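Below: the structure, in structure tokens.
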2 protein chains.
Amino acid sequence: MGKTKPTMRNIAKAAQVSPTTVWMVIHNKPGIAPETAQRIWATIANLGYKVKPTANGGHGESVGLLIEQNSVPVISDVFYGEIIRGFQTEAERLGYHVVLSMFDRTTGNADVLNRGLAQKVSGFVVANDGDITPEMVIQLESLSIPIVLVENHIDEQRLPCVLGDNFMAGYQVTRHLLNLGHRRIALLHGPTKYSSLVDRLRGCMAALAEASLLIPTEWMPKPVSGHPLKGYVQMKEILEQTEYPTAVIAISDKTAFGAMEAIREFGLKIPDDIAIASIDNTLESAYTRPPLTTVNIPKYEMGVLALQKLHRLIQGEDTIPVKTIVYSELIVRESCGAAIPQSGDEPTHSG
Amino acid sequence: MGKTKPTMRNIAKAAQVSPTTVWMVIHNKPGIAPETAQRIWATIANLGYKVKPTANGGHGESVGLLIEQNSVPVISDVFYGEIIRGFQTEAERLGYHVVLSMFDRTTGNADVLNRGLAQKVSGFVVANDGDITPEMVIQLESLSIPIVLVENHIDEQRLPCVLGDNFMAGYQVTRHLLNLGHRRIALLHGPTKYSSLVDRLRGCMAALAEASLLIPTEWMPKPVSGHPLKGYVQMKEILEQTEYPTAVIAISDKTAFGAMEAIREFGLKIPDDIAIASIDNTLESAYTRPPLTTVNIPKYEMGVLALQKLHRLIQGEDTIPVKTIVYSELIVRESCGAAIPQSGDEPTHSG
DNA sequence: GTACCCTCTTGTTTACTAAACAATTCTCAT
DNA sequence: ATGAGAATTGTTTAGTAAACAAGAGGGTAC
């Protein structure tokens, strides 16, 4: 440790490689033997070289993960948790740091932008939708760094996004119920600000329309916000009417959980009196009583794909914005039974 | 030209570069100065070196483009022509040869496979859908070379595919007509074997269902095959009834052309008596009388994306199969007018 | 003190290579 | 004719030399 100033060229000399090789090691580019990399890292530590913190917080680049403030426990959330896990895993593989960033709906996105985070990050993924208005997206875009939406799309903006096949998911559950013979079907939908839930709803409606069915408005109650169990109030509303349906579609697993609670309280049996099916295939859905028939949305894969997409955008590839959609899959469990209820025009029971 | 045997090492010596460089030039890998490449190609020609024909027909790799036999003039076809143009352009950029291959529906795909084409090609794109049955796809997959579907998807098989946003396209036209006040809407759909047309149809139905509308079956005539003008017979069928709609949605531009012909023959004015809109935005659609309101499907971009996707699959990337969907856009022209027609029994607004 | 130009360093990129590797093909004693 | 070893092919990995861009420094003029 003489008077050698810590610079790339000096490290190169000390480690007996070329400056290029040192650079490649620091930026972990491919094509370096592990042992060489090891030696160079050692030399770097030895000479006390500080990797210059330009546009990133350490070595490698960083990507931002923008999530809603109100979903703070989002990492433990069953749906987004899986997505984030996939995202993080893939980030590690490609040598990115993931910088988590909250999003406060009351202040808009000014918060995020002002913190100067945008300067430190090569690209953003916006996970969880709803409160990302087109105006905010325009603001974010004005930073001219790549953005990828996850489980959200704003068609007017033509942004690259990664989605579950929500339309098909809705179509698939609905088809399933129709195939079982159900005709009197209720639908518990969600707030229209979530584009993914809207897509699911449209899938349901398309399937029903193909069977020349329309859901009566009284069987499509508006979602209520505030209640902890999302589908509970909606389901109650349906059950209070004179006639109730033979099957219910819940727009998400969580909604289904609330609805099941309401059905049980009302003294009806699932699936004998009312069949229920939903979309998400969260872990819990396999452990309800009865286990919930639902549609799998490959959450982990979506996280992986979101990072891959962002990576390519950062590399300047993928100049055509597209929706990247992962395949969904119907998971038949017990909440819809198997037999065809002979409901026809007359309800099997009345209120 | 002494006794130098034409081998990579000899070429390298003659051109005063390393064998590696020669290899890179032949396989057109990036990172070679154009002048150097030029010099090496000259030397190759000079010494009469034959690039060994392993797994490809010349230098660089090849990709197959599989299209239906009956659409032989597909290259000049307005829809697929654009896709193929994008595909070919991108192929050239990435150094692939495109091998065109017909697909005879009568013999199944045995033809393609037996010709040994599969051995010469690193991957396939299946353009144009309809007659690709799941069984054939399984056969193709058994070759274990990458496949990308264009404007077709088979959800059970989870294949990578590139699609227009057909669902949204259908949704958008329908919304447009609904926004103009139309409630009495007919729909000219296509054969269900074309998944893209099915998606468009579902988009239409979803939009209508959101407005609590169902299309009466007599306004959704079955498509007839055989007639040169696709929508002509279907439209006639509708016009022969006692009541006719105020608007017609055609599932494709071609269908719309036929329908317009039928409407004119019947002595009705477009858009005053009947509005018409469709999906495709083929070149001709701008030059009909009146110009056709339609939804643009970015065809060229789809071709580019299909090749990029195939390229990545060949590289062993993109292990998660996804639907890649390009954004569609409503193109408002004159075939729907602008005013709200006061025809039919429905007022402009319902309370 | 500060504005300006020139040089020199620092990180970065491009274009290329040495050497090892794998798969044939060739050679030659048996 | 045959099978072991040697040689020759194309291919891949792990690098490097040299050019380049953008600051940083440093001297000089005002």
Side-chain angles (χ1 to χ4, degrees), chain A residues 2-62 95-96 119-120 122 314-317, chain B residues 2-45 47-62 93 95-96 119-120 122 314-317:
Chain A
K3 60 199 166 174
T4 41
K5 213 176 16 159
T7 140
M8 277 194 182
R9 276 172 171 80
N10 287 338
I11 290 161
K13 203 173 284 178
Q16 311 198 59
V17 290
S18 75
T20 310
T21 309
V22 175
W23 183 85
M24 288 170 87
V25 166
I26 286 171
H27 296 260
N28 57 265
K29 303 283 169 189
I32 265 107
E35 35 156 338
T36 312
Q38 204 64 34
R39 195 173 76 237
I40 291 172
W41 278 120
T43 316
I44 286 170
N46 223 335
L47 298 192
Y49 179 76
K50 296 275 178 289
V51 174
K52 82 158 205 184
T54 52
N56 64 53
H59 71 281
E61 297 188 86
S62 303
Y96 286 102
Q119 263 76 52
K120 293 206 169 297
S122 318
I314 290 169
Q315 305 286 303
E317 303 168 28
Chain B
K3 57 195 166 160
T4 44
K5 218 179 7 160
T7 139
M8 278 196 182
R9 276 171 170 84
N10 287 338
I11 289 160
K13 203 173 285 179
Q16 309 198 59
V17 289
S18 76
T20 310
T21 309
V22 174
W23 182 86
M24 288 170 89
V25 167
I26 286 170
H27 295 260
N28 58 266
K29 302 285 169 187
I32 266 113
E35 34 157 337
T36 312
Q38 205 63 36
R39 195 173 76 238
I40 291 171
W41 277 122
T43 316
I44 286 170
L47 298 191
Y49 179 74
K50 296 276 178 287
V51 175
K52 84 161 203 182
T54 52
N56 63 53
H59 70 282
E61 296 189 87
S62 302
R93 201 177 69 78
Y96 286 102
Q119 263 76 51
K120 293 206 171 296
S122 318
I314 291 169
Q315 305 287 303
E317 303 168 29

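Convention: sequence-line order gives letters A, B, ...; per-chain numbering from 1. Quick caveat, the model's predicted, so the values are computed rather than measured.
Nearest heavy-atom pair across A:Gln16 and A:Arg39 is O-NH2, 4.1 Å. Between A:Ala12 and A:Ser18 the shortest heavy-atom distance is CB-C, 3.6 Å. Looking at every heavy atom in both residues, B:Arg9 comes nearest to B:Pro19 through CG-CG, 3.9 Å. Here the closest non-hydrogen pair linking B:Ile26 and B:Met8 is CD1-CE, 3.8 Å.
Contact check, B:Tyr49 against D:dG10: a side-chain N or O comes under 4.0 Å of OP1 or OP2. Side-chain nitrogen and oxygen atoms of B:Trp23 include at least one within less than 4.0 Å of the OP1 or OP2 phosphate oxygen of D:dT11.
Residues of residues 32-40 of chain B having a heavy atom closer than 4.0 Å to DNA chain C, listed by number: B:Ile32, B:Ala33, B:Thr36.
Going from atom CG of A:Asn28 over to atom CH2 of A:Trp23 covers 10.0 Å, rounded to the nearest 0.5 Å. Distance check, rounded to the nearest 0.5 Å: OG1 of A:Thr43 to CG of A:Asn10 gives 11.5 Å. Rounding to the nearest 0.5 Å places CE of A:Met24 at 11.0 Å from OG1 of A:Thr36. Of the inter-residue distances, the one linking B:Ile40 atom CD1 with B:Tyr49 atom OH reads 12.5 Å to the nearest 0.5 angstrom.
Computed from coordinates, the A:Lys29 NZ to D:dT13 P distance equals 18 Å when rounded to whole Å. Put simply, CD1 on A:Ile26 is 13 Å from P on C:dT13, counting in whole angstrom units. Distance B:Lys13 NZ to D:dG10 P: 13 Å, rounded to the nearest Å. A straight line from NE2 of A:His27 to P of C:dT12 spans 4 Å, rounded to a whole angstrom.
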Nucleotides 16-19 of chain D: which of its N/O atoms have a protein N/O under 3.5 Å away?
| unit_1 | atom_1 | unit_2 | atom_2 | d |
| --- | --- | --- | --- | --- |
| D:dT16 | OP1 | A:Ser18 | N | 3.3 |
| D:dT16 | OP2 | A:Ser18 | N | 2.9 |
| D:dT16 | OP2 | A:Ser18 | OG | 2.8 |
| D:dT16 | OP2 | A:Thr21 | OG1 | 2.1 |
| D:dA17 | N6 | A:Thr20 | OG1 | 3.0 |

